[in-house]
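The structure under discussion appears below in the form of structure tokens.
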Amino acid sequence: MLIFVDIFKMYITAIISSFFKFILYLCAFKIHLLYNIEREKMIDSSVFQGKTAAYYTLGCKLNFSETSTFGQMLQEMGVRTVQKGESADICLINTCSVTEVADHKCRQAIHRMVRENPNAFVIVTGCYAQLETERISQIEGVDLVLGSNEKANLIQYLSDAWISKNKKNEANLSGNTAHEHYSVKTNEIKSFAPSCSRGNRTRYFLKVQDGCNYFCTYCTIPFARGFSRNPSISSLVEQAEKAAGEGGKEIVLTGVNIGDFGRTTGERFLDLVKALDKVQGIHRYRISSLEPDLIDDELIEYCATSRAFMPHFHIPLQSGSDEVLKLMHRRYDSSLFARKVLLIKELIPDAFIGVDVIVGTRGETQEYFEDCFHFLNRLDVSQLHVFPYSERKGTAALKIPYVVADKDKKIRSKRLLDLSDRMTHDFYSHYMGTVAEVLLEKSSKGRIMHGFTKNYIRVELMADASLDNQLVKVKLGEFNHDKTALKATIIL
């Protein structure tokens, strides 16, 4: 009997302890919330009135979406985008770090922005900024570097650093660059910066997810963006409705590992797709990329009969060799990938399927590459996005023996790019002479405007400003001069 009494006391003590911990958590959360509210109140937007800003984005569609949102936030504070030939007061560079080449391009972009805007306040954020925060902050002319967790509060950091720099200048202190930098470790990246904007584009880009839990051996993205996280379906529907209210007709869903949506909220990606499909005014959705193991059959079946989700899939394969997929720590094999493609084409015969492939990764022998090539040659896909493997500091791939020579990477890339050209040519050719609906996008040069069919065939026709962001029926004709699009004529 005494044993049961002791156990009962232990449970009561544990319950009381948990209750007090919960109360303390609520108090801490409320203090944190009030602190952030007070910080928001401290932003003096008047100091930014009439200022100009220049933006430079490297990398993925997610980066472009985030940059566009940052630009929108600055615009609401009275900052306008610079005109051609005009110097900026603020420069924002949103970086990528998917390859060593990307890192190099980031450094070049930073130096160029500093050189072309000598008196500007320069902010650097994005993946490269997370991985090399301190190094970037030491570049002459860079004032503020924000990692992946901090960019959600970019405006607050900018405001604080701007005021601090101006006070320093007023006091005639030496040095005219702030060199401030903020970042946290990967496992501490918790924030989610919402983004649904189009910038100077016709299509909207809606960020539905961030981060990745996969840790493939060749990739630094989980270290740069943190673990997988997402907002609620209801908040994303609200953003889509707002885009529709602004006249948006097409939305691209962006993220790092979109199919992993729901880790934060316990929801499913399919549920998000179904909810967005109901938003009136949005005629088209495209999914930027889906991991093969996260494309469930039910999702494909739903997209086959969906009102607004387009017959367009982008699926990262990375290698058609099962041995290389194992070295990469990918979570599927070639047979699963082939089955997904077969099901898509069976249920949605007109679907455009784009595939990512990495060539020359560590451990990819000539035999393994040939396996990859022949696998892709048998697949009914529309385009290959080919990336030569790049060594990344801190990745597990560096422990894999057998390094592919650069000359072999180039040869392999060329073979796959030639294969891709043939695939795309055959896909486009199949639709010559047919009628299609196209969402037209404003012309950047004035003479020719472009748009895409539902199944992502790029078309071109004579520019007409009144047709920007309009859905029109066209007849698809021959290839244009460089075979990147089909010529089209509007059907009245």
Side-chain angles (χ1 to χ4, degrees), residues 61 202-203 249-253 258-259 269-270 273-274 276-278 282-292 294-317 336-357 375-385 419-441 450-461 470-480 483-491:
K61 290 176 181 176
T202 299
R203 290 171 286 171
K249 291 185 173 65
E250 180 172 315
I251 292 178
V252 180
L253 307 188
I258 294 175
F269 180 66
L270 177 59
V273 167
K274 290 179 177 179
L276 290 174
D277 207 20
K278 296 175 184 176
I282 300 300
H283 297 265
R284 294 179 165 192
Y285 291 99
R286 297 190 191 275
I287 303 168
S288 61
S289 182
L290 278 173
E291 290 289 318
L294 296 177
I295 307 177
D296 58 49
D297 294 356
E298 192 180 353
L299 174 65
I300 298 171
E301 291 164 4
Y302 182 83
C303 289
T305 58
S306 163
R307 175 190 70 84
F309 276 81
M310 295 295 95
H312 175 199
F313 292 84
H314 188 103
I315 316 172
L317 169 65
L336 181 144
F337 193 95
R339 191 180 73 77
K340 297 297 180 183
V341 169
L342 187 63
L343 182 60
I344 290 171
K345 298 302 284 190
E346 180 184 316
L347 298 179
I348 319 172
D350 291 336
F352 181 103
I353 302 176
V355 176
D356 289 344
V357 190
F375 174 75
L376 287 166
N377 198 28
R378 296 192 301 269
L379 277 184
D380 187 6
V381 298
S382 317
Q383 189 177 45
L384 306 178
H385 298 266
L419 176 61
S420 176
D421 287 344
R422 179 175 62 76
M423 289 173 164
T424 307
H425 185 278
D426 291 348
F427 185 81
Y428 276 33
S429 297
H430 182 73
Y431 294 92
M432 286 179 180
T434 64
V435 174
E437 184 184 62
V438 175
L439 178 65
L440 291 170
E441 303 178 5
H450 294 92
F452 289 92
T453 64
K454 290 183 178 181
N455 60 342
Y456 210 56
I457 294 174
R458 190 169 185 257
V459 304
E460 72 172 37
L461 43 77
Q470 297 302 309
L471 288 160
V472 299
K473 281 192 175 181
V474 302
K475 185 172 183 179
L476 302 177
E478 299 292 323
F479 279 98
N480 64 354
K483 299 188 182 301
T484 59
L486 295 183
K487 296 178 181 179
T489 53
I490 295 176
I491 298 176

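These numbers come from a predicted model, not from an experiment.
The heavy-atom pair separating Met423 from Leu376 by the smallest distance is CE-O, 3.2 Å. In plain terms, the two heavy atoms of Tyr302 and Asp277 that are nearest each other are OH-OD2, 2.7 Å. Heavy-atom minimum distance, Thr453 versus Ala436: CG2-CB, 3.7 Å. The minimum heavy-atom distance between Leu276 and Arg307, with the atom names listed, is O-NH2, 4.3 Å. Gly477 and Leu486 get closest at one heavy-atom pair: O-CD2, 3.8 Å. In this structure, Val459 and Ala488 approach most closely via the heavy-atom pair CB-CB, 4.2 Å.
Distance check: His283 NE2 to Met310 CE gives 10.0 Å after rounding to the nearest 0.5 Å. For the atom pair CG of Asp421 and OG1 of Thr484, the computed distance is 11.0 Å after rounding to the nearest 0.5 Å. One distance of note links NZ of Lys483 with CD of Glu478; it measures 8.5 Å at 0.5 Å rounding. To the nearest 0.5 Å, atoms CG (Asn455) and CZ (Phe427) are separated by 4.5 Å. From Ser429, atom OG reaches atom CG of Asp426 across 6.0 Å, with rounding to the nearest 0.5 Å. A distance of 11.5 Å separates CZ of Arg286 from CG of Leu253, quoted to the nearest 0.5 Å.
With sequence neighbours excluded, the residues forming a salt bridge (Lys or Arg N to Asp or Glu O under 4.0 Å) with Glu291 are Arg330, listed by chain and number. A search for ring-ring contact (aromatic ring centres under 6.0 Å, His included) contacts involving His425 returns Phe479, not counting sequence neighbours. Annotation: side chain to side chain donor-acceptor pair (under 3.5 Å) contacts of Asp297 (sequence neighbours excluded): Arg339, Lys340. With sequence neighbours excluded, the residues forming a side-chain contact (heavy atoms from CB on, under 4.5 Å) with Lys487 are Glu460, Asn480, listed by chain and number. By the ring-ring contact (aromatic ring centres under 6.0 Å, His included) test, Tyr285 is found to be paired with Phe309, residues two or more places apart in sequence or in another chain being considered. Qualifying side-chain contact (heavy atoms from CB on, under 4.5 Å) partners for Glu441, counting only residues two or more places apart in sequence or in other chains: Thr202, Arg203, Phe452. Scored by the side chain to side chain donor-acceptor pair (under 3.5 Å) test, Arg422 finds Asn377 as partners (sequence neighbours excluded). Scored by the side chain to side chain donor-acceptor pair (under 3.5 Å) test, Thr424 finds no partners at all (sequence neighbours excluded).
Atom CD of Gln470 has more than 12 neighbouring heavy atoms from other residues, nucleotides or ligands inside a 6.0 Å radius. The 12-atom threshold is exceeded at NZ of Lys249, counting heavy atoms of other residues, nucleotides or ligands nearer than 6.0 Å.
Between Ile295 and Leu343, the closest side-chain pair of non-hydrogen atoms is not below 4.5 Å. Residues His312 and Arg284 have side chains not in contact (no heavy-atom distance under 4.5 Å, counting atoms from C-beta outward).
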Considering only distance and modelled atom types, tabulate donor-acceptor pairs under 3.5 Å from the side chains of residues 346-357, sequence neighbours left out.
unit_1, atom_1, unit_2, atom_2, d
Asp350, OD1, Tyr431, OH, 2.9
Asp356, OD1, His314, NE2, 2.8
Asp356, OD2, His314, NE2, 3.3

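Tyr456 places no side-chain N or O within donor-acceptor distance of the main-chain N or O of Phe313, the cut-off being under 3.5 Å.
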Assess the residue pair Ile315 and Ile344 against the criterion (side-chain contact (heavy atoms from CB on, under 4.5 Å)); give the C-alpha distance rounded to whole Å, side-chain angles, the decisive distance to 0.1 Å, and a yes or no. CA-CA 11 Å; Ile315 316 172; Ile344 290 171; 4.0 Å; yes
